[in-house]
Amino acid sequence: MDAVVIDGKALAAKVKEEVREKAARLTQKPGLAVIIVGDNPASRVYVNGKKKDCEECGFYSEEHALPEYASQQELLALIEGLNGREDIDGILVQLPLPKQFDERAVLRAIRPDKDVDCFHPFNVGKLMIGEEGFLPCTPAGVMRMLREYGVDVSGKHCVVVGRSNIVGKPQAILMLRENATVTICHSRTPNLAEECRTADILVAAVGKVGLITADMVKQGAVVIDVAMNRNEQGKLCGDVCYAEVASKASHITPVPGGVGPMTRAMLMENTLYAAQSHGK
Ligand code: GUN
């Protein structure tokens with residue numbers, strides 16, 4: 001039997017509608033500043049999407065586009081200015097930054113109460129010890145999808161493939177927080193297929209076309225594909241061999257139309273949360 005397809009696009013629309021209703025009840029619009037440096041075409045697509053999301057949610061948004069050759073000082077000065085502005089609740093620096101930037105220093109410069117990406121060490125620390133605060137957008141989107149489709153994480157074995165700071169690590173923490181037993185796999189894991197086969201819930205977040213094949217998936221497992229790759233034909237695809245895995249999984253997320261739209265919706269939730277925490 002074919003898996004239930006988790007419709008991230010439809011769920012994201014529902015989340016954004018909820019955010020819009022809540023934002024309309026605030027005394028002032030939530031405000032998001034998005035910073036893009038250089039002309040990475042993928043980053044441009046993401047930033048345009050975020051702008052559209054803000055419009056849909058009734059937020060104020062502004063974009064700051066710096067040239068490819070901008071300096072660290074310029075970027076830090078821009079962030080400093082946004083940190084001090086009352087109308088801006090969230091600041092997002094689109095990654096990756098061009099090579100001359102010290103990404104860690106840039107992310108630390110964002111005031112933690114405006115860090116809607118949840119990349120600042122202060123917020124990552126709070127996440128780690130289970131304190132309330134921002135949640136990282138992609139992992140939070142995955143958790144929301146699981147909840148909405150009635151997949152209980154508690155007591156399950158979750159295998160996360162990938163250990164990035166943006167997805168793999170925080171994904172594992174959120175699953176642990178909901179009482180899963182979690183395994184994190186990565187490029188040095190000796191027997192990836194064997195580890196994956198033990199998963200009740202498998203999250204692929206590597207960025208490698210065709211990485212997860214049907215023989216790596218347990219019958220009836222839930223398969224979440226976080227990756228956003230281009231295949232040889234230039235088509236968007238994830239890490240999971242979709243058709244063959246869909247005939248074995250109980251639930252599966254498509255690429256595109258799965259995790260991606262949910263990541264953006266969670267950014268809107270975080271921006272709303274920031275506005276609320278600023279007393280709006
Ligand atoms: N680049 C790829 N994913 C992300 C993300 O979630 N946030 C930011 N700021 N940049 C990204």
Side-chain angles (χ1 to χ4, degrees), residues 8 12 15-16 31-54 59 61-66 68 70 75-76 78-79 82-83 88-99 101-112 114-124 127 133-145 160 162-171 173-174 203-208 224-230 236 238-239 253 255-256 258-271 273-274:
V15 169
K16 284 190 281 183
L32 177 68
V34 178
I35 303 173
I36 178 169
V37 186
D39 41 21
N40 180 320
S43 290
R44 174 43 62 200
V45 172
Y46 291 139
V47 167
N48 290 349
K50 286 163 188 166
K51 204 156 137 188
K52 186 166 152 272
D53 293 332
C54 283
F59 292 2
S61 77
E62 62 184 35
E63 180 189 309
H64 297 267
L66 296 185
E68 183 80 28
L75 179 53
L76 291 178
L78 172 60
I79 293 171
L82 295 167
N83 277 341
I88 295 297
D89 299 293
I91 303 168
L92 181 145
V93 177
Q94 187 65 37
L95 302 178
L97 287 168
K99 287 187 299 291
F101 289 95
D102 176 354
E103 191 172 290
R104 276 162 44 144
V106 168
L107 297 179
R108 275 166 203 254
I110 296 170
R111 228 171 69 180
K114 297 192 176 189
D115 171 36
V116 285
D117 258 328
C118 195
F119 289 167
H120 192 289
F122 178 78
N123 289 322
V124 177
L127 173 75
F134 290 121
L135 294 177
C137 299
T138 298
V142 169
M143 300 311 285
R144 182 69 183 263
M145 289 171 123
V160 178
R163 55 173 159 179
S164 71
N165 290 331
I166 296 187
V167 183
K169 282 188 225 170
Q171 185 68 66
I173 296 299
L174 287 188
V203 180
V206 173
K208 207 166 169 183
I224 307 291
D225 196 346
V226 176
M228 193 73 98
N229 310 308
R230 299 246 172 222
L236 268 182
D239 288 344
T253 63
V255 179
V259 176
M262 287 302 293
T263 297
R264 284 168 45 188
M266 293 297 117
L267 175 69
M268 297 298 105
E269 274 204 345
N270 276 350
T271 307
Y273 176 82

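When reading the values below, keep in mind they use all heavy atoms of this one structure, side chains included, and skip hydrogens, waters and symmetry mates. First listed ligand is number 1; within each ligand, the first listed atom is number 1.
Salt-bridge formation is detected for the pair Arg144/Glu269: a Lys NZ or Arg NE/NH1/NH2 atom is positioned less than 4.0 Å from an Asp or Glu carboxylate oxygen. A salt bridge is defined here as a Lys NZ or Arg NE, NH1 or NH2 lying under 4.0 Å from an Asp or Glu carboxylate O, and Lys208 with Asp239 fails to meet this definition.
Remark: Asn123 CG to Asp117 CG distance equals 10.5 Å, nearest 0.5 Å. The line from CZ of Phe59 to NZ of Lys16 is 11.0 Å long, rounded to the nearest 0.5 Å.
With respect to atom 6 (O) of ligand 1, the closest heavy atom belonging to the protein is Asp117 OD1, 3.8 Å. Among all non-hydrogen protein atoms, the one lying nearest atom 10 (N) of ligand 1 is Leu95 N, 3.0 Å.
Looking at Arg44 and Asn40, their side chains never bring a donor and an acceptor atom within 3.5 Å of each other.
Residue Gln94 places at least one N or O, backbone or side chain, under 3.5 Å from an N or O of ligand 1. Any N or O atom pair closer than 3.5 Å counts here, and Val93 shares at least one such pair with ligand 1.
Counting atoms of ligand 1 from 1 in the listed order, those under 4.0 Å from a heavy atom of Leu92 are 9 (N).
Using a 4.0 Å cutoff on heavy atoms, Tyr46 does not count as a contact of ligand 1.
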